[in-house]
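Input: a single structure, listed below in structure tokens.
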Amino acid sequence: MEPSGSSDTHQDAAGPPPAAPEGLPPSAAAPAEPDLPDEPGTPARLAADLRAALGPLVRRLRQFKPSDELTLSQTSALVRLDREGPATASELATAEGIRPQSMATIVARLYERGLVTREPDPRDGRRIVVTVSEAGRAGLRGSRQEKGRRLTRAITDELTPEEQATLAAALPLLERITRRV
């Protein structure tokens, strides 16, 4: 080992990291990162715990389905139209990351149920613009309200006032990381 300050590069006593096996990127043979999911208090462990906690919550909220509730794909399209405004089926397909043919089927089902309207685009009569109908908005409100009631009941029944305050304080943090993911 060279005396301190005699070299611009630094190697610890363990020496250089081992070379990667042939055909693998150099990072494949690098020593394990200290931020492993099984180490308490690390961001990786926090991420794993957060996914483990929120996954079942989201699944349980999705499980509540009245007999006439929409599929997840139909709901997602309807919510997007409600939040972002009118769009063509092609635009919806792109935004949802699905094939245009699949979105055309989804829009047709929503239209049959009276949850969306379809009208020619005023700028290009060859295109059809899809808009959430009042019945569609009412359906979204009803589903959201029931899921909100269930979540409110669980928070009230399971958490102390101090725990509720902790959860409330964590919400802005969850919103920030949600935007970043």
Side-chain angles (χ1 to χ4, degrees), residues 27 32-118 130-181:
S27 62
E33 292 292 320
D35 196 13
L36 297 174
D38 59 345
E39 294 182 29
T42 64
R45 174 65 179 267
L46 185 55
D49 291 347
L50 186 59
R51 282 191 322 269
L54 293 180
L57 172 64
V58 169
R59 282 191 297 279
R60 288 213 174 140
L61 287 173
R62 284 182 180 161
Q63 283 175 350
F64 169 72
K65 287 190 177 191
S67 59
D68 64 342
E69 186 159 340
L70 305 171
T71 66
L72 186 56
S73 298
Q74 291 168 338
T75 302
S76 184
L78 200 57
V79 166
R80 184 173 297 278
L81 287 169
D82 187 47
R83 286 187 183 154
E84 298 177 10
T88 65
S90 291
E91 292 166 343
L92 282 172
T94 299
E96 293 288 314
I98 64 174
R99 294 185 352 248
Q101 298 87 341
S102 298
M103 184 54 72
T105 302
I106 291 167
V107 168
R109 298 279 189 274
L110 294 172
Y111 181 76
E112 288 168 6
R113 294 180 68 172
L115 303 175
V116 297
T117 61
R118 299 187 295 194
V130 182
T131 306
V132 178
S133 68
E134 196 48 49
R137 282 192 183 86
L140 283 174
R141 280 192 303 271
S143 176
R144 288 175 182 155
Q145 287 171 346
E146 179 55 29
K147 290 176 183 181
R149 279 192 289 275
R150 287 172 176 258
L151 195 50
T152 298
R153 192 171 338 132
I155 289 169
T156 302
D157 293 349
E158 293 295 323
L159 302 180
T160 66
E162 294 80 19
E163 290 169 327
Q164 291 176 29
T166 299
L167 181 59
L171 291 177
L173 302 176
L174 291 170
E175 290 171 356
R176 278 178 38 206
I177 61 175
T178 299
R179 286 190 301 270
R180 182 68 178 216
V181 172

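Just the heavy atoms: all of them, side chains too, but no hydrogens, waters or symmetry mates, feed the values below.
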Full working for side chain to side chain contact (heavy atoms under 4.5 Å, CB included) between Leu70 and Arg113: CA-CA 10 Å; Leu70 305 171; Arg113 294 180 68 172; 2.9 Å; yes
Side-chain heavy atoms of Ile106 within contact of Leu92, under 4.5 Å: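 Heavy-atom side-chain distance check fails, nothing below 4.5 Å.
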Would you say the side chain of Leu57 lies within less than 4.5 Å of the side chain of Leu151, judging by non-hydrogen atoms?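 In short, these two side chains touch, coming nearer than 4.5 Å.
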Please indicate whether Glu134 has more than 12 foreign heavy atoms, meaning atoms of other residues, nucleotides or ligands, lying under 6.0 Å from its CD.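 Buried by this count: over 12 neighbours within 6.0 Å.
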Give a yes or no on whether Arg80 atom CZ has more than 12 heavy-atom contacts from other residues, nucleotides or ligands under 6.0 Å away.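 More than 12 within 6.0 Å, yes.
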Looking only at heavy atoms, what is the nearest atom pair of [X] and [Y], with distance?
X: Ala93; Y: Pro100; value: CB-CA, 3.7 Å
X: Pro56; Y: Ala52; value: CD-O, 2.9 Å
X: Gly114; Y: Ala135; value: O-CB, 3.6 Å

[atom1]-[atom2] distance between [X] and [Y], expressed to the nearest 0.5 angstrom:
X: Leu81; Y: Ser76; atom1: CG; atom2: OG; answer: 9.5 Å
X: Met103; Y: Gln74; atom1: CE; atom2: CD; answer: 10.0 Å
X: Ile177; Y: Leu46; atom1: CD1; atom2: CG; answer: 7.0 Å
X: Leu140; Y: Gln145; atom1: CG; atom2: CD; answer: 11.0 Å
X: Thr131; Y: Leu115; atom1: OG1; atom2: CG; answer: 13.0 Å
X: Gln164; Y: Glu162; atom1: CD; atom2: CD; answer: 9.0 Å

Of all residues at least two apart in sequence or in a different chain, which pass the salt bridge (charged side-chain N to carboxylate O under 4.0 Å, His left out) check with Glu163?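 For Glu163, no residue satisfies salt bridge (charged side-chain N to carboxylate O under 4.0 Å, His left out) once neighbours in sequence are set aside.
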For Leu174, does its backbone N or O pair with a side-chain atom of Thr178 as donor and acceptor, under 3.5 Å?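 Yes.
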Who passes side-chain hydrogen bond (donor to acceptor under 3.5 Å, both in side chains) against Arg137, sequence neighbours left out?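 Only Asp82 meet the side-chain hydrogen bond (donor to acceptor under 3.5 Å, both in side chains) criterion with Arg137.
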